[in-house]
Number of protein chains: 2
Amino acid sequence: MKRNSRLSSTLHILVHMAEAPERALTSEQLATFIHTNPVVVRRTIAGLREAGIVSSSRGHGGGWQLGRAPEEISLAEISVALGETLLPFSTEPESPGCLVEQAVIAVLDDFRLEAERLLAEKLSHITLADLTADFRRRYDLIGVSSHAL
Amino acid sequence: MKRNSRLSSTLHILVHMAEAPERALTSEQLATFIHTNPVVVRRTIAGLREAGIVSSSRGHGGGWQLGRAPEEISLAEISVALGETLLPFSTEPESPGCLVEQAVIAVLDDFRLEAERLLAEKLSHITLADLTADFRRRYDLIGVSSHAL
DNA sequence: GCTATTTGTAACTAACTAAGTTACATGAAA
DNA sequence: TTTCATGTAACTTAGTTAGTTACAAATAGC
């Protein structure tokens, strides 16, 4: 799992969970999908559990399942649950009292506020169901997935 | 200079340059504004020079000046010249051939394309002149800047 | 020309972040 | 009660970026 690929890796995992709704997938299995470690998976999607996007169960036959229908899970929620920032730049004051910095931060924060609203709005209209539909389309065309579902 | 504050730090520097159009400011001076090292400044704004946003001159009386009027310098250009990414997440394939990943990346890239277009559009309407105007407003109200211009 | 000043840049160091790993307690099913 | 799975803490490793040192190259003023 590369740096900065937490969102796409998580989506990858979630699509697999959506495609196997009848059974729980273990972190071990999920980890192999995204070529990483089970502990990294658990750590990464722990926030999704708290958000009700997935549920986990321990012990024999345990693992991870979606917490609700793919249609009801938006990328906006997932992104928030992962603790991802949509915009990368920081606007924390480094010279409190400097009017130049205050002006810069004010303008930048205005932009950030508006931009984040816009991005969140866009992401809220993309659901996990859209992803699985896209996957199904590709699957029906080519007829095989690289790691058997 | 903190991590992820390259954009705001650079804007800070540029506003100072805009406020002193008659003379060149040395990297030494610019560095004190953002509490960092002259070499870091030179390295950070080297890209702005290549983009014509600033110009630099060596030797006695040398230093940095804006390459054109503040009205003609947009945050979009600055952001690009700094090599900043507007969206932080990666969509590079880690499992080439995996249809699930392909679907995820396709949807995410669609979103990214649209989002970047939108953000760039917004940033292109904010100019350095807007920042200096905001600074002037604050300055006229309070009457003093923390580090003398 | 010589000197002082300033950028340009390479090379290295330090600090920070995030992934990867190990280890083990906790809980649940067979 | 054994086995399997998550939950989580603690540590290690890798990668990134800021900070630093050093010095060559260019320019202005004398």
Side-chain angles (χ1 to χ4, degrees), chain A residues 1-10 12-13 17 20 23-67 81-85 88-90 92 94-95, chain B residues 1-10 12-13 17 20 23-67 81-85 88-90 92 94-95:
Chain A
M1 181 177 173
K2 291 200 197 99
R3 214 183 170 90
N4 279 350
S5 68
R6 272 172 63 198
L7 180 56
S8 58
S9 293
T10 300
H12 188 157
I13 280 176
M17 285 167 54
R23 70 182 194 280
L25 299 177
T26 67
S27 352
E28 187 86 38
Q29 294 173 300
L30 298 176
T32 64
F33 292 145
I34 58 172
H35 303 117
T36 185
N37 189 293
V39 178
V40 173
V41 168
R42 295 202 279 268
R43 202 155 58 194
T44 302
I45 62 179
L48 303 194
R49 182 185 50 230
E50 278 142 42
I53 296 169
V54 298
S55 68
S56 63
S57 53
R58 296 171 152 189
H60 224 112
W64 301 81
Q65 281 178 296
L66 291 186
L82 285 173
E84 299 278 83
T85 48
F89 59 85
S90 137
E92 275 179 40
E94 297 179 39
S95 318
Chain B
M1 183 174 170
K2 289 199 199 101
R3 214 183 172 91
N4 278 351
S5 68
R6 271 172 64 197
L7 180 56
S8 59
S9 292
T10 300
H12 188 157
I13 280 175
M17 286 166 54
R23 70 181 195 281
L25 300 177
T26 67
S27 353
E28 185 86 38
Q29 294 173 300
L30 297 176
T32 63
F33 292 145
I34 59 171
H35 302 118
T36 185
N37 189 293
V39 178
V40 173
V41 169
R42 294 201 279 269
R43 204 156 55 194
T44 303
I45 63 179
L48 303 195
R49 182 183 51 230
E50 279 142 42
I53 295 169
V54 298
S55 68
S56 63
S57 53
R58 295 171 154 190
H60 222 112
W64 301 81
Q65 281 177 295
L66 291 186
L82 285 174
E84 299 277 84
T85 49
F89 60 84
S90 138
E92 275 178 39
E94 297 178 41
S95 317

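Chain identifiers are assigned alphabetically (A, B, ...) following the order of the sequence lines, protein sequences preceding nucleic acid strands; residue numbering begins at 1 within each chain.
Atoms NE2 and NZ, from B:H35 and B:K2 in turn, are 10.5 Å apart once rounded to the nearest 0.5 Å.
Listed by chain and residue number, A:T26, A:P38 satisfy the side chain to side chain contact (heavy atoms under 4.5 Å, CB included) test with A:E28 (two or more places apart in sequence, or in another chain). Taking the side chain to side chain contact (heavy atoms under 4.5 Å, CB included) definition, one finds that A:E50 meets it with nothing, sequence neighbours left out. A search for side-chain hydrogen bond (donor to acceptor under 3.5 Å, both in side chains) contacts involving A:Q65 returns nothing, not counting sequence neighbours. B:R49 pairs by the side chain to side chain contact (heavy atoms under 4.5 Å, CB included) definition with B:A46, B:V54, B:S56, B:W64, not counting sequence neighbours.
Of the possible donor and acceptor atoms, none in the side chain of A:S5 sits under 3.5 Å from a partner among the backbone N and O of A:M1.
With rounding to whole Å, A:E28 atom CD is found 15 Å from D:dG7 atom P. Note: CG (A:L7) to C1' (C:dA18) measures 16 Å, nearest angstrom.
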Fill in: Per-nucleotide protein contact string for nucleotides 11-19 of chain D, where B marks a base within reach and S marks sugar-phosphate only (heavy atoms under 4.0 Å, - for neither)
------SSB
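One finds no side-chain N or O of A:R42 lying less than 4.0 angstrom from the OP1 or OP2 phosphate oxygen of D:dG7.
Checking D:dT21, D:dT8, C:dG8 against every side-chain atom of A:V39, the shortest atom distance belongs to D:dT8.
Interface residues of residues 47-64 of chain A facing DNA chain D, ordered by number: A:R49, A:S56, A:S57, A:R58, A:G59, A:H60, A:G62, A:G63, A:W64; criterion, heavy-atom separation under 4.0 Å.
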Practice prompt. Could you walk me through whether B:E92 and A:N4 pass the side chain to side chain contact (heavy atoms under 4.5 Å, CB included) test, one step at a time?
Written response: CA-CA 10 Å; B:E92 275 178 39; A:N4 279 350; over 6 Å; no
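The shortest heavy-atom contact between A:L7 and A:E84 is N-OE2, 3.9 Å.
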